[in-house]
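So the structure is just underneath, and the comments pick up after that.
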Amino acid sequence: MHYFTYRGNELYAEGVPLEALAREYGTPLYVYSKSTILRHIKAYKKAFCETGGILCFALKANSNGSVLKLLAEEGAGADIVSGGELFRALKAGISPSKIVYAGVGKTADEIAYALRKKILMFNVESGEELEMINSVAGELGAKAPVALRVNPDVDPRTHPYISTGMKKYKFGMPVEDALEFYGRAARMEHILVRGIHQHIGSQLTEVAPFRDALKKVLQLIKRLRATGVELTHLDIGGGLGIRYSKEENPPVPEELAGGLLPLIKAVPGLTVVVEPGRSIIGNAGVLLTKCLYRKKTGEKNFVIVDAGMNDLLRPSLYGAFHEILPARRNRRGSQVADVVGPICESGDFLAKDRRLAMVKNGEILCVMGAGAYGYSMSSNYNSRPRAAEVMVDGEKHFLIRKRETYKDLIRGEL
Ligand SMILES: *Cc1c(COP(=O)(O)O)cnc(C)c1O
């Protein structure tokens with residue numbers, strides 16, 4: 001559910017026509033709907049937090065300070081994967097007691113930073129990382145709270161690049177090895193064993209893989225308890241999908257909770273941590289882009305727009321589908337076209353062989369579902385300044401990040 005809807009022929013973000021925003025702020029432009037974000041946060045809180053769970057937003061999906069502030073105000077925590085994300089989360093007012101830190105390559109400096117800030121726990125991905133955390137904590141005279149990330153080896157049935165919970169991927173430790181790793185962790189002087197973590201992938205559209213993974217992890221928790229290792233936190237990861245195309249019908253947070261919490265309740269004494277990114281912010285954002293030119297080759301129609309793979313990488317990187325709608329509907333009928341950007345790469349496209357409204361030069365297209373892994377994956381490739389970002393709240397709108405300038409491109413160069 002989101003608040004981008006047509007009124008008559010004009011597409012609105014809440015109470016504001018998107019065309020007006022494109023005119024005022026220029027394109028390419030990311031536009032977010034505050035009510036949509038709040039709606040999703042509340043859905044997660046209702047599903048998981050009323051029973052004592054902790055909601056940790058995955059910053060890598062979208063780390064704009066205004067988005068994070070909204071989450072902080074709603075009492076959400078953060079799932080971070082770098083020191084930079086920790087910096088952003090703290091700056092936005094997110095409580096360190098609700099921050100979990102995952103990722104296979106945490107550096108000693110990043111570990112020290114997170115220890116000094118007293119985060120909830122490190123989600124540890126390897127034995128060597130565990131040794132490193134123990135040693136850094138020792139230097140600081142601290143005890144590092146950890147969860148071990150286990151790889152439950154289930155197929156989340158999603159794109160391989162955003163699939164993590166299978167043995168062939170770099171994430172976590174095999175369930176069979178976990179007992180040994182927990183034993184080692186429990187004996188380390190500067191480690192406090194606090195929890196267990198799983199995150200099997202992203203854009204999951206069914207509850208079943210979550211359940212399959214969870215069953216394996218709960219089994220492991222029971223075996224650990226039998227050996228005297230008491231875990232208090234169960235981090236079930238993120239990964240709930242959103243509806244990019246009409247064929248996708250992902251469950252809502254309530255359905256996810258309904259599938260998982262009864263299993264978890266059977267093992268008493270566990271605080272649940274959930275780490276959604278995409279399902280909070282994905283369909284709460286769109287990318288506005290202007291049609292620059294149209295072009296016909298022998299084989300194809302191309303709609304050339306002013307947003308490229310540097311602005312929204314997902315179609316190029318994953319072959320991801322994003323619905324593309326005109327900001328103003330017309331009666332010119334439709335065409336099948338590739339929607340491409342200005343970048344000098346054939347892989348630079350927003351849509352391929354797509355049936356699309358007939359657009360004219362200067363008209364605005366809206367790339368839907370661009371709130372997650374959109375701006376956060378953007379770059380300056382081809383020396384393109386990054387887009388601006390705007391938050392809509394009812395009839396009001398606010399610039400939440402300025403468009404970069406040419407000067408920004410060379411800032412820091414010596
Ligand atoms: C990316 C990531 C998430 C969030 O995934 P979504 O699909 O955006 O919900 C959660 N946890 C970890 C460890 C991640 O790497």
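All values reported here derive from a predicted model rather than from experimental measurement. Order of listing sets the numbers, starting from 1, for every ligand and every atom in it. Sequential numbering from 1 along the given sequence is applied to the chain's residues.
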Once you restrict both partners to nitrogen or oxygen, which atoms of ligand 1 have a protein partner under 3.5 Å, and how far apart are they?
residue: ligand 1; atom: 7 (O); partner: Ser202; partner atom: OG; Å: 2.2
residue: ligand 1; atom: 8 (O); partner: Arg278; partner atom: N; Å: 2.8
residue: ligand 1; atom: 8 (O); partner: Tyr373; partner atom: OH; Å: 2.6
residue: ligand 1; atom: 9 (O); partner: Gly239; partner atom: N; Å: 2.8
residue: ligand 1; atom: 9 (O); partner: Gly277; partner atom: N; Å: 2.9
residue: ligand 1; atom: 11 (N); partner: Asp79; partner atom: OD2; Å: 3.0
residue: ligand 1; atom: 11 (N); partner: His199; partner atom: ND1; Å: 3.4
residue: ligand 1; atom: 11 (N); partner: Glu275; partner atom: OE1; Å: 2.5
residue: ligand 1; atom: 15 (O); partner: Lys60; partner atom: NZ; Å: 2.7

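- Residue pairs meeting the ring pair (Phe, Tyr, Trp, His ring centres under 6.0 Å) criterion with at least one partner in residues 231-251, sequence neighbours excluded, are Tyr244-His322.
- If you run side chain to side chain contact (heavy atoms under 4.5 Å, CB included) between Tyr32 and each of Asn62, Val392, Val390, only Asn62 comes through.
- Across all their heavy atoms, Leu214 and Leu260 have their closest contact at CD2-O, 3.7 Å.
- Using modelled atom types, one side-chain atom of Lys143 and one backbone atom of Glu189 make a donor-acceptor pair closer than 3.5 Å.
- Between the Arg194 side chain and the Leu120 main chain, a donor and an acceptor come within less than 3.5 Å of each other.
- Distance alone, capped at 3.5 Å, is enough to place a donor-acceptor pair between the Arg225 side chain and the Leu231 backbone.
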